Structures are given as structure tokens and as C-alpha cells.
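The figures that follow rest on heavy atoms only: side chains count, while hydrogens, waters and symmetry mates do not. Residues take their numbers from the sequence shown, with the count starting at 1. Just so you know, these numbers come straight off a predicted model, no measurement behind them.
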Amino acid sequence: MQEVLNVNNTEDMIKLFVPGRLCLFGEHTDWAGHYRTMNADIPAGAAIVTGIEQGIYAEIEKSSIFEMQSTATQMSGEWQDFACRMDEQELKRIAKSGSFFCYCAGVASYMLEWYKVGGVRIRITDMTLPMKSGLSSSAAICVLVARAFNIIYKLHLNTMGEMNIAYLGELRTSSRCGRLDQACAFGIKPNLMTFDGDEIEVQALKVKRHLYWVFADLCGSKNTIKILADLNKAYPFPSNEQERMEHDALGAKNQEFINRAIKYMAEGRVEELGKLMTETEEVFNRQVAPMCPEELASPKLKAVLADEYIQKLVYGGKGVGSHGDGAVQFLARDANTQQQLRDYLESQGMPAYTLTLQPVHTVRRAIIPVAGFGTRLYPATRGLKKDFFPIPCPDGMVRPVILILLEELIKSGIEEICLVLGSEEERQMYADFFERPLSECHLAKLNSECQEYENHILDIGKRLHYVYQREKRGFGHAVYQAAQFAHGEPVLLMLGDTLYRTTTNKTCALQLIESYERYNRLTVGLYPVEVSKVSHFGIMTGVWEDKDARFLNVTTLKEKPTAAYAEEFLGVKGPDGQREYCSVFGQYILTPEVFHQLEDDIRKADEKRAAHPEDPAQSVSEIELTSALEAVRQRTGMLGVRLQGERYDMGNPTALVDTIAKYSQANS
């Protein structure tokens with residue numbers, strides 16, 4: 001997923017961040033797995049790779065030529081600004097030259113050859129990624145260039161597409177990078193990469209507990225080209241026992257290590273994960289290193305791994321990248337030992353860096369705003385809030401809207417639910433329904449099934465919390481009232497005037513939660529609508545991250561656009577190849593950043609209102625959720641998920657009639 005940090009108000013200058021990458025397990029298996037095209041007995045390669053906190057910060061804009069500039073102080077010693085005409089042969093010549101900018105030119109030449117793009121200006125503003133230390137600084141710069149062209153010229157490449165172009169562009173240089181190097185395109189989270197011949201798959205991994213990594217430049221020397229040349233001699237067919245041992249280490253044993261690592265990370269078994277690092281290093285030294293003893297004897301690496309002081313701070317350690325005396329990585333015991341280890345390595349003359357992989361919070365809280373009056377359903381809403389309107393259900397029961405929504409949340413694993421009300425007076429209506437038991441007289445008239453269901457309603461009431469939107473300032477303002485309830489964790493937001501029904505064995509809300517836990521970013525359910533209806537909804541567009549057109553990397557979110565605007569700017573190609581328009585489904589996973597943005601929007605609106613007390617127009621400052629979502633999307637990205645289900649609107653008389661007619665029918 002694209003890590004677009006920010007977009008200026010001018011919309012001409014776009015800020016990007018691309019991290020370096022660290023291979024945690026499975027080095028060398030990317031190229032080894034590629035040999036399956038020649039020898040089917042070779043197991044697929046597999047590696048666990050993550051982006052790191054260090055990387056390249058840049059600003060990009062359209063230009064008539066290809067330009068690379070830098071204002072980063074870290075690069076002032078070796079950097080000289082570069083410019084080149086967008087000429088294919090000239091770019092290819094520079095790519096082969098081995099110059100400082102050969103990687104950038106290689107990617108630019110590929111973009112020009114295949115996409116006929118114009119120029120782009122890339123200005124590196126900060127560089128926190130160490131060069132030539134096994135952390136793929138060359139891959140990061142290639143991804144940066146590919147992403148710059150993709151965004152500036154709206155090529156609609158997904159992350160895998162950017163990664164592949166970065167790889168192919170680097171191959172136009174003298175470098176022989178591996179297929180896992182460009183994993184930095186996927187951001188700072190661990191991914192499983194599988195290499196089956198020419199095919200690559202990327203799958204996000206779960207982390208249950210904080211993992212405190214430290215990696216360091218050994219400041220030694222190694223010849224990566226020789227290491228790869230010697231190890232490749234064993235492929236595609238081993239000819240002796242040592243070569244068979246290499247195949248085993250990079251094949252069957254690696255797959256076992258990867259499976260165990262995935263399990264340990266998902267279950268929070270940190271100590272065992274650290275021991276696994278040490279175990280994999282031992283296998284590498286025994287079964288792989290003898291193929292290139294001059295480079296893989298690794299005296300510096302072995303000395304640091306055996307350091308007694310370090311041993312007290314870590315659960316385990318191993319080499320990085322192609323191994324040799326390039327870099328080392330450790331899994332520290334906690335945040336304190338992580339810092340101690342970093343300081344110690346620095347004191348020994350080894351530049352050291354930290355990486356903390358954080359667990360993805362399971363979504364256990366939800367918000368439903370029900371503060372609206374329901375003007376379009378007046379005068380019924382004069383006596384009954386619209387979320388209490390009765391809806392006949394397929395099982396024969398007639399439930400109020402709010403109960404249907406709450407039951408979906410509970411089926412999805414939600415434990416606490418916050419209702420945003422318009423005033424304290426409304427609280428009594430919910431208390432009467434969810435907290436006050438029926439009288440014995442009424443209870444006696446119910447059959448045994450309904451009597452049991454009565455206990456179910458009261459149990460739901462125990463999960464409810466209430467906040468109040470005392471000032472009507474827009475939907476975003478209503479959502480912000482639950483900021484304290486969110487408690488700095490991701491929460492599910494569900495609209496109070498829309499019903500949802502799954503077409504699978506998982507509720508729509510659970511599908512959304514699982515998608516968030518996979519991608520770990522702001523997540524919005526999407527729902528295709530006809531172009532004639534786009535003016536009623538928030539519409540999003542972007543690039544599909546999968547072949548099934550289910551996960552959308554959102555590049556634009558527009559509130560209630562005109563049909564003409566949507567047709568020109570917001571259409572995407574659906575699973576059937578036809579153009580479609582993706583509206584907001586009505587369910588969201590809000591990250592803490594959304595509440596920070598809403599707080600900032602409210603503060604600015606209040607300041608504006610205070611500065612113009614005499615202007616009535618300034619006192620009506622709507623705080624919209626869509627604008628906050630778009631601001632967060634620009635910084636950290638947004639995932640749209642095509643949910644397998646239907647939504648039923650009941651916000652107006654026509655929609656209410658249609659909902660009652662359809663919702664009462666069971667799924668066919």
C-alpha cells in the first residue's frame with residue numbers, strides 16, 4: 001500500500017516516504033525459488049520481510065525532464081543534483097554506467113518505455129536510511145522513483161505493480177537485486193513473500209506482541225556479487241553433498257523456519273522467535289556458508305552475535321541480507337534493552353537502528369451515531385427516533401433498527417458499543433428498552449423463546465455506553481464525541497440509519513474487521529452504485545490491490561460528487577471488467593489518527609469562529625467526517641473493502657419502504 005505522507009494545499013507538490021527493508025527470515029530464497037522454473041523439485045522460496053522506520057523522504061512534482069535533487073544534510077557529502085532528458089537511450093546508458101543515479105535512471109527508462117510518461121522532479125528532503133548496509137537503500141530509491149511516476153501521471157499501478165517496476169528498473173543497472181528487496185513498497189509492517197518461479201505473492205502477517213528489533217552496520221566488508229555467484233552454483237540441480245545441503249537449507253528447512261516464525265509472531269511467543277533467529281543462523285553457517293567461505297566466514301558477525309553483554313539483552317540474533325560482515329539484527333527483550341543494545345553497538349563503532357513492530361489491535365469497540373432528528377421522516381420522528389423504527393425480519397420477529405445493528409456488532413466480536421445521542425433526555429428511551437426488564441405481566445404473555453430473547457436484549461444493554469452531541473455541527477463532530485470511548489484504539493463506526501445483511505457466513509462488520517487486521521490502516525467498506533446515484537454518497541476511487549477487485553488502495557474520497565465529475569474522475573474497473581462507482585458502504589474502521597484529525601478540524605473551526613464573532617456564517621462550522629478521512633488517507637493511506645453483503649438505507653420515506661419490503665425476506 002502506498003505510504004503517501006502528505007499533500008500540500010497547492011496539490012502540485014506531493015510528499016512521499018519510502019522505508020528501507022529488513023529481511024527477518026528467509027534470505028536468499030527469493031532467487032532460489034526462481035529456479036523452480038528449471039527444477040520443479042526445488043521448494044518455493046519464502047521470506048518474512050518488513051519495512052523499517054528509516055527511509056527516504058521526498059517531494060515530487062511534474063517536470064519536463066527527469067530530475068533528482070536533495071536538500072538532505074545526510075547526503076551533502078556525496079550528492080550532486082542530477083538532470084536528464086526523458087530520452088530512453090540516454091536513461092538506459094546512465095543506468096548501465098554504475099553512477100550514483102544509475103538506479104533512478106533504470107526505473108525512469110522503464111517508465112518511459114512502457115508508459116510513455118513525461119518527466120518528474122524528485123527532491124529528497126531527508127535520508128535516514130543507511131546506505132550499503134543490507135537494508136536495500138537501492139531498492140527504496142527505485143520504489144520511490146516508480147511511485148513518483150505512478151502518482152504524478154495517475155498510472156493506477158497497485159503496490160505490487162510499483163514493486164515489480166522498481167525491480168525491473170534496478171535490473172537495468174549492473175545490480176542483481178533479489179525479488180524481496182523491493183518489499184519496502186509495502187510499508188512498515190511484516191509480510192510473507194512467496195517466490196514460486198516467476199510468481200510472487202505477498203501476505204501481511206499478524207503480530208500479537210511488540211517486537212523490539214535492533215539492527216546495525218558491522219562496518220565490515222563483503223562482496224555480495226561473489227556471495228551470490230558462489231551460492232548460485234548449486235542451482236538449478238545440486239551435483240554434490242554440499243550443494244544438496246544448500247538446497248535443503250534454502251528449501252525445506254527454510255519453509256519450516258518460516259512457518260514457525262509466522263506462528264510465534266501471531267501467538268506472541270517472542271522468546272521462541274528470538275531462539276529461532278539463532279537456530280536459522282546456525283543452519284546457514286553449517287549448510288550454506290561453506291559454499292563461499294571467503295565471504296561467509298563472517299568473523300565480525302560471529303563475534304557480535306557471541307558478545308556476552310549483548311546476550312543478556314536479547315532473545316536471539318542473526319545476519320542480514322546476503323550475510324557476511326555487512327549487518328546484524330537482534331530481537332531485544334523489551335523497549336529498555338532495545339535502547340541499551342543500540343547504545344552499546346554505537347559505542348563499539350557500529351551505527352545501530354531500532355525497529356519496533358507493533359501488534360495490530362483487534363477491533364473490540366464500535367460507535368453508532370444516532371443524534372440526528374430524522375427530518376426526512378417527520379412527523380413520525382416527532383414521537384419515535386428513527387433508529388427505533390420497527391423492521392420485520394426473516395425469522396418473524398419485528399426488531400427496531402438499533403437492535404438489528406447491535407446484534408450485528410455482537411456477532412462480529414464487538415464487546416463495547418458507544419451510542420452518540422443528541423441530548424441526555426434521549427438516554428431514557430434506550431435505558432427503557434435495553435436495561436429495564438419487562439413487567440411480569442408482559443413477560444408471561446411471551447412464549448419461552450421470546451422470554452429467552454428478552455434476556456438477550458438485557459445482555460446487550462450491559463455493553464452500551466452513551467455520549468452526547470449537544471451542538472449540531474456535522475457528522476464528524478458527532479463521531480468525535482466518542483474519542484474518549486475509543487481509548488486510542490481502532491474502532492468500528494456504523495451508521496445508525498442503514499441496515500446491513502451479509503451474503504456469506506460472516507457478518508459485514510466482521511469482514512471489515514478482518515480486512516483491517518490484515519492491512520492495519522484506515523478501512524472503509526465500499527459498495528458499487530449506479531452513476532446516477534453518486535450524488536447521494538461519498539465516492540472513492542483508487543487501485544485494486546488484488547486480482548478479485550476486493551481491496552482498493554484508495555487514492556481519492558469525494559463527498560457527494562456530481563455524476564459528470566464521477567464519470568470523469570472516480571470510476572474504477574470492477575470484477576467483471578465494467579466501469580463502476582464505489583460508494584461508502586456505511587461501515588468504517590477508524591484509526592486513532594482520524595480522531596486526532598477531527599480534533600484539529602474542530603480546533604481550527606473554533607478559532608475561526610472566535611476570530612469573527614460578528615459573522616453568523618462563521619458560527620455554523622460543520623465538521624465533516626469525509627474531510628478528516630481524506631486528510632488521514634493522504635498521510636497514511638486508506639483501504640476500501642468490497643464487502644460481501646447488501647446495505648439497506650432507511651433515511652427517507654422511499655428508502656424506508658424499500659428496506660421494509662426487502663429486509664423481511666430471507667437471503668435466496
Side-chain angles (χ1 to χ4, degrees), residues 1-8 13-23 49-61 63 66-84 94-95 99-108 110-111 119-152 157 159 161-167 169-170 173 175 177-178 180-189 191 215 217 320-321 327 351-355 634-637:
M1 303 293 288
Q2 292 180 3
E3 298 267 335
V4 181
L5 289 189
N6 196 11
V7 177
N8 282 7
M13 185 72 73
I14 300 173
K15 296 182 180 180
L16 298 181
F17 169 72
V18 176
R21 73 102 183 100
L22 178 66
C23 183
V49 191
T50 180
I52 58 178
E53 293 161 359
Q54 294 73 30
I56 306 172
Y57 296 81
E59 296 176 342
I60 64 172
E61 60 184 337
S63 173
F66 179 50
E67 303 176 74
M68 295 291 300
Q69 303 172 354
S70 175
T71 56
T73 56
Q74 301 91 330
M75 306 183 73
S76 57
E78 56 183 327
W79 182 278
Q80 290 184 343
D81 288 351
F82 167 82
C84 177
I94 296 170
S99 68
F100 189 83
F101 293 99
C102 63
Y103 300 107
C104 308
V107 178
Y110 189 94
M111 282 292 190
V120 67
R121 180 180 297 113
I122 301 174
R123 181 181 299 108
I124 296 176
T125 56
D126 198 9
M127 177 74 166
T128 58
L129 177 64
M131 308 288 282
K132 300 178 182 179
S133 57
L135 302 173
S136 290
S137 54
S138 63
I141 197 74
C142 288
V143 169
L144 175 66
V145 174
R147 183 161 294 168
F149 279 105
N150 184 28
I151 293 174
I152 291 296
L157 296 166
T159 310
E162 290 178 341
M163 186 184 81
N164 285 333
I165 288 174
Y167 171 72
E170 187 165 352
T173 72
S175 170
C177 56
L180 62 76
D181 288 347
Q182 284 75 22
C184 56
F186 289 88
I188 306 174
K189 60 179 185 295
N191 291 284
F215 51 94
D217 186 346
V320 173
Y353 309 87
T354 60
L355 167 67
Q634 291 175 2
R635 292 194 296 269
T636 60

Spatial distance of atom [atom1] ([X]) from atom [atom2] ([Y]) [nearest 0.5 Å]:
X: T50; Y: I188; atom1: OG1; atom2: CD1; result: 7.5 Å
X: C84; Y: I94; atom1: SG; atom2: CD1; result: 3.5 Å
X: N191; Y: R21; atom1: CG; atom2: CZ; result: 12.5 Å
X: T128; Y: I52; atom1: OG1; atom2: CD1; result: 7.5 Å
X: Y353; Y: F215; atom1: OH; atom2: CZ; result: 7.5 Å
X: F17; Y: T125; atom1: CZ; atom2: OG1; result: 10.5 Å

For a quick test of reading the model, state the closest non-hydrogen atom pair linking [X] to [Y] and the distance between them.
X: V107; Y: A146; result: CG1-N, 3.7 Å
X: F149; Y: G119; result: CE2-C, 4.4 Å
X: A95; Y: A105; result: N-CB, 4.0 Å
X: I56; Y: L144; result: CG2-CD2, 3.8 Å
X: M68; Y: C104; result: CE-SG, 3.8 Å
X: C184; Y: P19; result: CB-O, 2.9 Å

Partners passing salt bridge (charged side-chain N to carboxylate O under 4.0 Å, His left out) against R123 (at least two apart in sequence or in another chain):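 Only E59 meet the salt bridge (charged side-chain N to carboxylate O under 4.0 Å, His left out) criterion with R123.
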Whether R147 side chain and A185 backbone form a donor-acceptor pair below 3.5 Å: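 Such a contact is found between R147 side chain and A185 backbone.
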Partners passing side chain to side chain donor-acceptor pair (under 3.5 Å) against T71 (at least two apart in sequence or in another chain):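 Listed in chain order: nothing, the list is empty.
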Less than 4.5 Å apart, any side-chain heavy atom of [X] and any of [Y]?
X: I122; Y: L16; answer: no
X: F66; Y: V145; answer: yes
X: E53; Y: T354; answer: yes

Pairing residues for F82 by the ring-ring contact (aromatic ring centres under 6.0 Å, His included) criterion, not counting sequence neighbours: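 Residues passing ring-ring contact (aromatic ring centres under 6.0 Å, His included) with F82: F101.
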Step-by-step side-chain contact (heavy atoms from CB on, under 4.5 Å) determination, Q80 to F100: CA-CA 9 Å; Q80 290 184 343; F100 189 83; over 6 Å; no
